[in-house]
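For this chain, numbers begin at 1 and follow the sequence in order. Please read all numbers here as calculations on a predicted model, not as lab measurements.
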Amino acid sequence: MPSHRRRHHHFHHSYHQNYNHNHNNNFFPFIIPASIFSGVILLLFFFLSFHAHFPIITDHLPRPHFSDNDDEEATGRDIWGSGLSKHFYGCSNASNHFAKAEEITEENRYVCIATSGGLNQQRTGITDAVVAARILNATLVVPMLDTRSFWKDSSNFSQIFDVDWFISYLANDVRIIKELPLKEGETWDPYHMRVPRKCTESCYVDRVLPQLLKRHAVLLTKFDYRLSNRLETDLQKLRCRVNYHALKYTDPIIKMGEKLVMRMRSMNTHYIALHLRFEPDMLAFSGCYYGGGERERNELGKIRRRWKTLHIRDPDKVRRLGRCPLTPEEVGLMLRALGYGKDVHVYVASGEVYRGEETLAPLKALFPNFHSKYTITSKEELEPFAPFSSRMAALDYIVCDESNVFVTNNNGNMAKILAGRRRYFGHKPTIRPNNRKLSMLFMNRENMTWDEFASAVRKCQKGFMGEPKELSPGKGEFHENPSACICEDFTGKEVAESNLRKFGMGKSSTWADLNATVDDESNDNETDLPDQEEVEDDTSGSQENSQLNKTQTDINASTVAEPELEHMLSD
């Protein structure tokens, strides 16, 4: 067995020595050679001390001591991929029973939508808008992007997505036009309304269609997560065609994104992309406490007061439930325990991190090859994108999507969108922390050796590593688990089943056993931080529900109040 070398060392050495100078001539001949000998020993000791390293770890953390390279032998798995993924592939073609758009689209039916939130939240709205228009047999007007929310991005659809590709790719599914036609020579003002969250097919027919037949053009406001997760298969596949094929970024964004990816790959064949959500607003909303004393309580408490109806939470209880995002240090320790060595390059997609470098320092010590779009590009290269938050987010999206391993410490919109996309395109590893179990593990870490801690982390993370069959069909958001669009190569099923022992299961385990096992593990992640809609329900749910229950309520998009924290939490 190869010997283990200590990791993350720093130099702490001081040497104090008092010299007694004796001028007695009888001892002088002995003092000179003794002094020379002591000097040599001192220099040798100093040299060895300089090259000996000691762990840079918090006093309470277990000491990592595995090798500098990927510890695949210790984890018993390929940390950069899955042997099972080759048996699954994305499949989103329409069935023969799915009529062409020209056959089902009715005249004088126009659906417009106003998206909500940041880039990835808007992406879910755009995807679902196409399906909503199909349900209503209507023409879809190219969606309007949110320019008034926290993100303050003035970009329109065609400045982020290739609008001509979007229209042409979906031509057989839904008729799409760039803008509403004139009505009697004048600009058409569509009827404004909102549908409930996760509205079903029958919901759209009952609520929206009557107004569409009466007014011929409707604008669905605050359009995000306004379509049910469960639809018939052809509509689910349409969702996938929109999200994974029709929504293509503009050429400038793609070219810059590819440049970032190439620079990451030029440094190492593999890299990890980490979506690190540890912004002050995120932490304030969570109600978690991270040991920062009165300073932390005052800083985050001040932010929490912006949201007057936000409930006071017990920090210890919230952490036990797994609702606290892992700290950057905890994310780093989780990755080291999973076998990713100090030499691994990490690309971090992040907003403002709470307490900045002070918080990031432990993560950078664990992974010194620490990069972001700001560190691998020049100011001039980013200048065309920097004023626009959605275009900057699109660059991170591309780098994260192309990474060998994608890691997130939350379950927000970007995490869900990328998890689903990576499942669709070959089940590239996507690590979602099992927050409930890991939180308890980190709370007791001082009582464990590093080997015990690492083994426990690997056990906690079974079912959260992006492997096929981790989530059963229909479980979670469809954008995260597009099960209707993932097909299985049954010819390789026997081979796949023979590899199940890699998941710590016996030789007699079956494919169904794996599905049941990881489903059970995944149940622990149901308590992640709420998305923006859940936050809305927490703070104004009764008022919102009463509005939605009114028949065909006309809600003007310009007057809908959207607390900015909703958007901070979601993308």
Kindly indicate, with the supporting measurements, whether the criterion side chain to side chain contact (heavy atoms under 4.5 Å, CB included) is fulfilled by V130 and F166. CA-CA 11 Å; V130 174; F166 179 73; 3.9 Å; yes
For [X] and [Y], work out which heavy atoms get closest and say how close.
X    : Y    : result
L136 : R109 : O-NH1, 2.8 Å
E201 : I135 : CG-CD1, 3.7 Å
Y89  : D489 : CE2-N, 4.3 Å
I113 : G125 : CD1-O, 3.6 Å
S372 : V348 : CB-O, 3.6 Å
M414 : N120 : CB-ND2, 3.4 Å

Within 45° of the ring axis of F98 and under 6.0 Å from its six-membered ring centre, is that where the NZ or CZ of R134 lies?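 Because its charged atom sits under 6.0 Å from the ring centre and within 45° of the axis, R134 does stack over F98.
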Lys NZ or Arg CZ of R313 over F285 ring: under 6.0 Å, within 45°: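 Positive - R313 is close enough to the ring of F285 and near enough to its axis.
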Considering only distance and modelled atom types, tabulate donor-acceptor pairs under 3.5 Å from the side chains of residues 391-403, sequence neighbours left out.
from	atom 1	to	atom 2	distance (Å)
R391	NE	S155	OG	3.0
R391	NH2	S155	OG	3.1
D396	OD1	Y347	OH	2.6
D396	OD1	K373	NZ	3.3
D396	OD2	K373	NZ	2.7
D401	OD1	R421	NE	3.4
D401	OD2	R421	NE	2.8
S403	OG	C400	O	2.7
S403	OG	V405	O	3.1
S403	OG	R422	NH1	3.3

Under 4.5 Å between any side-chain heavy atoms of [X] and [Y], yes or no?
X    : Y    : answer
L418 : T430 : no
R323 : N435 : no
E470 : R432 : yes
F388 : S154 : yes
L283 : P325 : yes
N411 : E480 : yes
L84  : K469 : no
P280 : E352 : yes

Side-chain donor-acceptor pairs under 3.5 Å in residues 173-189, sequence neighbours left out?
from	atom 1	to	atom 2	distance (Å)
D173	OD1	R241	NH2	2.9
D173	OD2	R241	NE	3.2
R175	NH1	T139	OG1	2.9
K178	NZ	D164	OD1	2.9

Between F478 and L227, does the side chain to side chain contact (heavy atoms under 4.5 Å, CB included) criterion hold? Intermediate values first, please. CA-CA 10 Å; F478 182 80; L227 186 64; over 6 Å; no
Using the rule side-chain contact (heavy atoms from CB on, under 4.5 Å), only one of K259, M264, M262 pairs with I376; which is it?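 Exactly one option meets the side-chain contact (heavy atoms from CB on, under 4.5 Å) with I376, and it is M264.
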Quick one: pull up [atom1] in [X] and [atom2] in [Y] and give me the separation to the nearest 0.5 Å.
X    : Y    : atom1 : atom2 : value
Q121 : I417 : CD    : CD1   : 10.5 Å
K214 : L209 : NZ    : CG    : 13.5 Å
Q159 : L145 : CD    : CG    : 9.0 Å
L276 : L360 : CG    : CG    : 6.5 Å
S82  : K428 : OG    : NZ    : 14.0 Å
I272 : H371 : CD1   : NE2   : 11.0 Å

Donor-acceptor contact present, side-chain [X] to main-chain [Y], <3.5 Å:
X    : Y    : value
K198 : N229 : no
S472 : K475 : no
D146 : G117 : yes
H479 : K416 : no
N404 : Y271 : yes
N481 : G476 : no
Q211 : H192 : no
R207 : V195 : no
E488 : H87  : no
N409 : F278 : no

Under-2.5 Å SG separation for cysteines C240, C485: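 Yes, because the SG atoms of C240 and C485 sit under 2.5 Å apart, which meets the disulfide cut-off.
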Within a 6.0 Å radius of atom CD on E107, are there more than 12 heavy atoms belonging to other residues, nucleotides or ligands?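 At most 12 heavy atoms, drawn from other residues, nucleotides or ligands, come within 6.0 Å of this atom.
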Is it true that atom CE of M267 has more than 12 heavy atoms of other residues, nucleotides or ligands lying nearer than 6.0 Å?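 More than 12 heavy atoms, drawn from other residues, nucleotides or ligands, come within 6.0 Å of this atom.
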Please determine whether a side-chain nitrogen of the Lys or Arg among E279 and R277 lies less than 4.0 Å from a carboxylate oxygen of the Asp or Glu.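 Counted as a salt bridge, because a side-chain N and a carboxylate O are separated by less than 4.0 Å.
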Set of residues satisfying side-chain contact (heavy atoms from CB on, under 4.5 Å) with respect to S158, sequence neighbours excluded: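 side-chain contact (heavy atoms from CB on, under 4.5 Å) check on S158 returns N156, V163.
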Suppose we screen for side-chain contact (heavy atoms from CB on, under 4.5 Å). Which residues come up paired with N172, at least two apart in sequence or across chains?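 With sequence neighbours excluded, N172 shows a side-chain contact (heavy atoms from CB on, under 4.5 Å) to K100, given in chain and number order.
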Can you list, pair by pair, the side-chain donor-acceptor contacts under 3.5 Å of residues 243-258, counting residues two or more places apart and other chains?
from	atom 1	to	atom 2	distance (Å)
N243	OD1	R123	NE	2.7
H245	NE2	Y424	OH	2.8
Y249	OH	R123	NH1	3.3

Apply the test side chain to side chain contact (heavy atoms under 4.5 Å, CB included) to residues E477 and T124: give CA-CA distance (whole Å), side-chain angles for both, the deciding distance (0.1 Å), then the verdict. CA-CA 11 Å; E477 294 286 349; T124 64; over 6 Å; no
Applying disulfide (SG to SG under 2.5 Å), can you list everything that pairs with C112, at least two apart in sequence or on another chain?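 By the disulfide (SG to SG under 2.5 Å) rule, C112 matches no residue at all.
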Run the side chain to side chain contact (heavy atoms under 4.5 Å, CB included) test on T359 and Y290 for me, step by step, so that the C-alpha distance in whole Å, both residues' side-chain angles and the decisive distance to 0.1 Å come before the verdict. CA-CA 11 Å; T359 302; Y290 289 94; over 6 Å; no
